[in-house]
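Report on one structure; see the data block that follows.
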Amino acid sequence: MLDSLKSLLQDQVRDLYSAESQMVKAIPKLAKAATNKTLRAALLAHLEQTKGHVERLVQVAELLDTKPGGKKCQATQGLVAEAAEVLEEEGEDSVIDAALIAAAVRVEHYEIAGYGSAVAMAGQLGEQRVLKLLQKTLDEEFEAEEKLSGLLMGEVLPAAGGADLVPVVKVKTKGRVVARR
Ligand code: ZN
Ligand code: FE
Ligand code: FE
(Lines give C-alpha, C1' and ligand atoms only; values in the text may rest on other atoms or scores of the structure.)
(Ligands and ions follow the chains in the order given, each with its own letter.)
Protein backbone atom coordinates (compact mmCIF):
# COMPACT_ATOMS: atom_id res chain seq x y z
CA MET A 1 0.00 0.00 0.00
CA LEU A 2 1.34 3.40 -1.00
CA ASP A 3 -0.08 5.41 1.86
CA SER A 4 3.07 7.40 2.55
CA LEU A 5 6.26 8.53 0.90
CA LYS A 6 8.14 6.06 3.07
CA SER A 7 6.05 3.13 1.85
CA LEU A 8 6.70 4.25 -1.73
CA LEU A 9 10.45 4.35 -1.12
CA GLN A 10 10.29 0.88 0.47
CA ASP A 11 8.54 -0.35 -2.66
CA GLN A 12 11.13 1.30 -4.93
CA VAL A 13 13.90 -0.36 -2.94
CA ARG A 14 12.26 -3.76 -3.42
CA ASP A 15 12.08 -3.14 -7.17
CA LEU A 16 15.76 -2.15 -7.27
CA TYR A 17 16.69 -5.17 -5.18
CA SER A 18 14.96 -7.43 -7.68
CA ALA A 19 16.60 -5.61 -10.60
CA GLU A 20 20.10 -5.91 -9.12
CA SER A 21 19.58 -9.55 -8.15
CA GLN A 22 18.51 -10.40 -11.68
CA MET A 23 21.62 -8.65 -13.02
CA VAL A 24 23.93 -10.64 -10.74
CA LYS A 25 22.70 -13.70 -12.64
CA ALA A 26 22.65 -12.09 -16.09
CA ILE A 27 25.97 -10.21 -16.26
CA PRO A 28 28.21 -13.33 -16.22
CA LYS A 29 26.40 -14.61 -19.32
CA LEU A 30 26.93 -11.28 -21.11
CA ALA A 31 30.60 -11.26 -20.09
CA LYS A 32 31.04 -14.79 -21.39
CA ALA A 33 29.57 -13.80 -24.74
CA ALA A 34 31.87 -10.77 -25.09
CA THR A 35 34.98 -11.03 -27.26
CA ASN A 36 36.57 -7.64 -26.61
CA LYS A 37 38.74 -8.10 -23.51
CA THR A 38 38.11 -4.60 -22.16
CA LEU A 39 34.38 -5.17 -22.51
CA ARG A 40 34.55 -8.48 -20.72
CA ALA A 41 36.61 -6.94 -17.93
CA ALA A 42 34.21 -3.99 -17.64
CA LEU A 43 31.23 -6.32 -17.38
CA LEU A 44 32.93 -8.47 -14.75
CA ALA A 45 33.96 -5.38 -12.78
CA HIS A 46 30.36 -4.21 -12.88
CA LEU A 47 29.26 -7.65 -11.72
CA GLU A 48 31.29 -7.16 -8.55
CA GLN A 49 29.83 -3.67 -8.11
CA THR A 50 26.35 -5.08 -8.67
CA LYS A 51 26.86 -7.58 -5.83
CA GLY A 52 27.73 -4.58 -3.69
CA HIS A 53 24.54 -2.84 -4.84
CA VAL A 54 22.51 -5.81 -3.63
CA GLU A 55 24.24 -5.57 -0.24
CA ARG A 56 23.58 -1.84 -0.02
CA LEU A 57 19.89 -2.39 -0.74
CA VAL A 58 19.74 -4.91 2.11
CA GLN A 59 21.18 -2.20 4.37
CA VAL A 60 18.80 0.40 2.96
CA ALA A 61 15.79 -1.86 3.50
CA GLU A 62 16.82 -2.36 7.10
CA LEU A 63 17.21 1.39 7.65
CA LEU A 64 13.70 1.78 6.23
CA ASP A 65 12.29 -0.94 8.55
CA THR A 66 11.49 -3.36 5.75
CA LYS A 67 12.73 -6.44 3.92
CA PRO A 68 14.05 -6.18 0.38
CA GLY A 69 12.49 -9.28 -1.18
CA GLY A 70 9.03 -10.13 -2.42
CA LYS A 71 8.86 -8.09 -5.59
CA LYS A 72 9.80 -8.83 -9.18
CA CYS A 73 11.14 -6.03 -11.37
CA GLN A 74 9.26 -6.70 -14.61
CA ALA A 75 11.28 -4.15 -16.56
CA THR A 76 14.59 -5.83 -15.76
CA GLN A 77 13.07 -9.18 -16.61
CA GLY A 78 12.26 -7.76 -20.05
CA LEU A 79 15.67 -6.15 -20.47
CA VAL A 80 17.37 -9.41 -19.52
CA ALA A 81 15.18 -11.27 -22.02
CA GLU A 82 16.31 -8.85 -24.74
CA ALA A 83 19.95 -9.31 -23.75
CA ALA A 84 19.42 -13.08 -23.89
CA GLU A 85 18.36 -12.72 -27.53
CA VAL A 86 21.88 -11.46 -28.26
CA LEU A 87 23.33 -14.57 -26.63
CA GLU A 88 21.43 -16.68 -29.16
CA GLU A 89 22.95 -14.82 -32.10
CA GLU A 90 25.90 -15.87 -34.14
CA GLY A 91 27.89 -13.35 -36.10
CA GLU A 92 30.82 -10.98 -36.28
CA ASP A 93 32.53 -10.69 -32.88
CA SER A 94 32.63 -6.90 -32.78
CA VAL A 95 28.99 -6.67 -33.89
CA ILE A 96 27.95 -9.07 -31.14
CA ASP A 97 30.00 -6.96 -28.69
CA ALA A 98 28.15 -3.84 -29.87
CA ALA A 99 24.82 -5.62 -29.35
CA LEU A 100 25.88 -6.66 -25.84
CA ILE A 101 26.76 -3.07 -24.97
CA ALA A 102 23.48 -1.79 -26.39
CA ALA A 103 21.66 -4.27 -24.15
CA ALA A 104 23.79 -3.50 -21.09
CA VAL A 105 23.46 0.29 -21.28
CA ARG A 106 19.68 -0.11 -21.44
CA VAL A 107 19.88 -1.74 -18.03
CA GLU A 108 22.19 0.99 -16.70
CA HIS A 109 19.78 3.72 -17.81
CA TYR A 110 16.89 1.91 -16.15
CA GLU A 111 18.87 1.60 -12.92
CA ILE A 112 19.94 5.24 -13.08
CA ALA A 113 16.28 6.27 -13.39
CA GLY A 114 15.30 4.09 -10.44
CA TYR A 115 18.12 5.19 -8.15
CA GLY A 116 17.67 8.84 -9.15
CA SER A 117 14.04 8.76 -8.00
CA ALA A 118 14.88 6.80 -4.86
CA VAL A 119 17.64 9.24 -3.89
CA ALA A 120 15.22 12.15 -4.28
CA MET A 121 12.64 10.37 -2.09
CA ALA A 122 15.23 9.58 0.58
CA GLY A 123 16.24 13.24 0.59
CA GLN A 124 12.63 14.37 0.97
CA LEU A 125 12.21 11.97 3.89
CA GLY A 126 15.39 13.22 5.56
CA GLU A 127 16.83 9.70 5.40
CA GLN A 128 20.46 10.77 5.26
CA ARG A 129 22.09 7.34 5.51
CA VAL A 130 19.74 5.85 2.97
CA LEU A 131 20.41 8.75 0.63
CA LYS A 132 24.16 8.27 0.87
CA LEU A 133 23.99 4.54 0.19
CA LEU A 134 21.71 4.99 -2.81
CA GLN A 135 23.80 7.87 -4.15
CA LYS A 136 26.94 5.71 -4.07
CA THR A 137 25.25 3.11 -6.20
CA LEU A 138 23.80 5.77 -8.52
CA ASP A 139 27.32 7.12 -9.08
CA GLU A 140 28.58 3.63 -9.93
CA GLU A 141 25.74 3.07 -12.40
CA PHE A 142 26.66 6.34 -14.11
CA GLU A 143 30.30 5.29 -14.28
CA ALA A 144 29.38 1.89 -15.68
CA GLU A 145 27.18 3.46 -18.35
CA GLU A 146 29.88 5.93 -19.33
CA LYS A 147 32.50 3.22 -19.49
CA LEU A 148 30.36 0.97 -21.69
CA SER A 149 29.31 3.82 -23.99
CA GLY A 150 32.91 4.97 -24.25
CA LEU A 151 34.01 1.47 -25.14
CA LEU A 152 31.29 1.23 -27.78
CA MET A 153 32.41 4.43 -29.50
CA GLY A 154 36.12 4.08 -28.86
CA GLU A 155 36.80 0.44 -29.69
CA VAL A 156 33.87 -1.76 -30.53
CA LEU A 157 32.19 0.23 -33.30
CA PRO A 158 35.45 1.07 -35.08
CA ALA A 159 36.31 -2.64 -34.99
CA ALA A 160 32.93 -3.39 -36.56
CA GLY A 161 33.91 -1.39 -39.62
CA GLY A 162 31.95 1.20 -41.53
CA ALA A 163 32.67 4.84 -42.27
CA ASP A 164 34.13 5.58 -38.84
CA LEU A 165 32.58 9.04 -38.57
CA VAL A 166 33.23 10.63 -35.20
CA PRO A 167 29.92 10.74 -33.31
CA VAL A 168 28.69 14.30 -33.02
CA VAL A 169 26.37 13.74 -30.10
CA LYS A 170 27.87 12.87 -26.76
CA VAL A 171 25.15 11.69 -24.41
CA LYS A 172 25.59 13.39 -21.09
CA THR A 173 23.73 11.76 -18.25
CA LYS A 174 25.72 12.61 -15.17
CA GLY A 175 23.56 14.28 -12.61
CA ARG A 176 23.13 14.37 -8.90
CA VAL A 177 20.21 14.86 -6.62
CA VAL A 178 21.21 16.97 -3.65
CA ALA A 179 19.39 16.70 -0.34
CA ARG A 180 17.89 19.95 0.85
CA ARG A 181 18.92 19.53 4.43
ZN1 ZN B 1 23.51 -1.67 -9.84
FE1 FE C 1 11.43 -2.17 -12.07
FE1 FE D 1 24.29 -1.52 -13.15
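If you're wondering where the values come from, they're calculated on a predicted model, not measured in any experiment. Both counts, for ligands and for their atoms, begin at 1 and track the order of listing.
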Q: Please determine if the Zn ion (ligand 1) has an N/O/S atom from H53 lying under 2.8 Å away.
A: yes

Q) Vertex the Zn ion (ligand 1): angle to OE2 of E141 and OE1 of E20, to 10°? A) 140°

Q: State the atom name: nearest N, O or S atom of E141 to the Fe ion (ligand 3).
A: OE1

Q. For the Fe ion (ligand 3), does an N/O/S atom of H53 lie at less than 2.8 Å?
A. no

Q) Where the side chain of Q22 meets the backbone of Q77, is there a donor-acceptor pair that is under 3.5 Å apart? A) yes

Q.
Need one value: angle at the Fe ion (ligand 2), D15 atom OD1 versus C73 atom SG, rounded to 10 degrees.
A. 100°

Q: For the Fe ion (ligand 3), find the closest N/O/S atom on E111 and give its atom name.
A: OE1

Q) Short check: any N/O/S atom of Q74 below 2.8 Å from the Fe ion (ligand 2)? A) no

Q | Pairwise side-chain contact, Q59 with E62, heavy-atom cut-off 4.5 Å (strictly under) | A | no

Q) Considering only N, O or S atoms, which atom of E108 is nearest to the Fe ion (ligand 3)? A) OE1

Q) Just wondering, more than 12 heavy atoms not from R40 lying within 6.0 Å of its CZ? A) yes

Q. Any side-chain heavy atom of V58 sitting closer than 4.5 Å to one from K67?
A. no

Q: Rounded to the nearest 0.5 Å, what's the gap from CD on E108 to OG on S149? Could you check?
A: 9.5 Å

Q. Between D97 (side chain) and T35 (backbone), is there a donor-acceptor pair under 3.5 Å?
A. yes

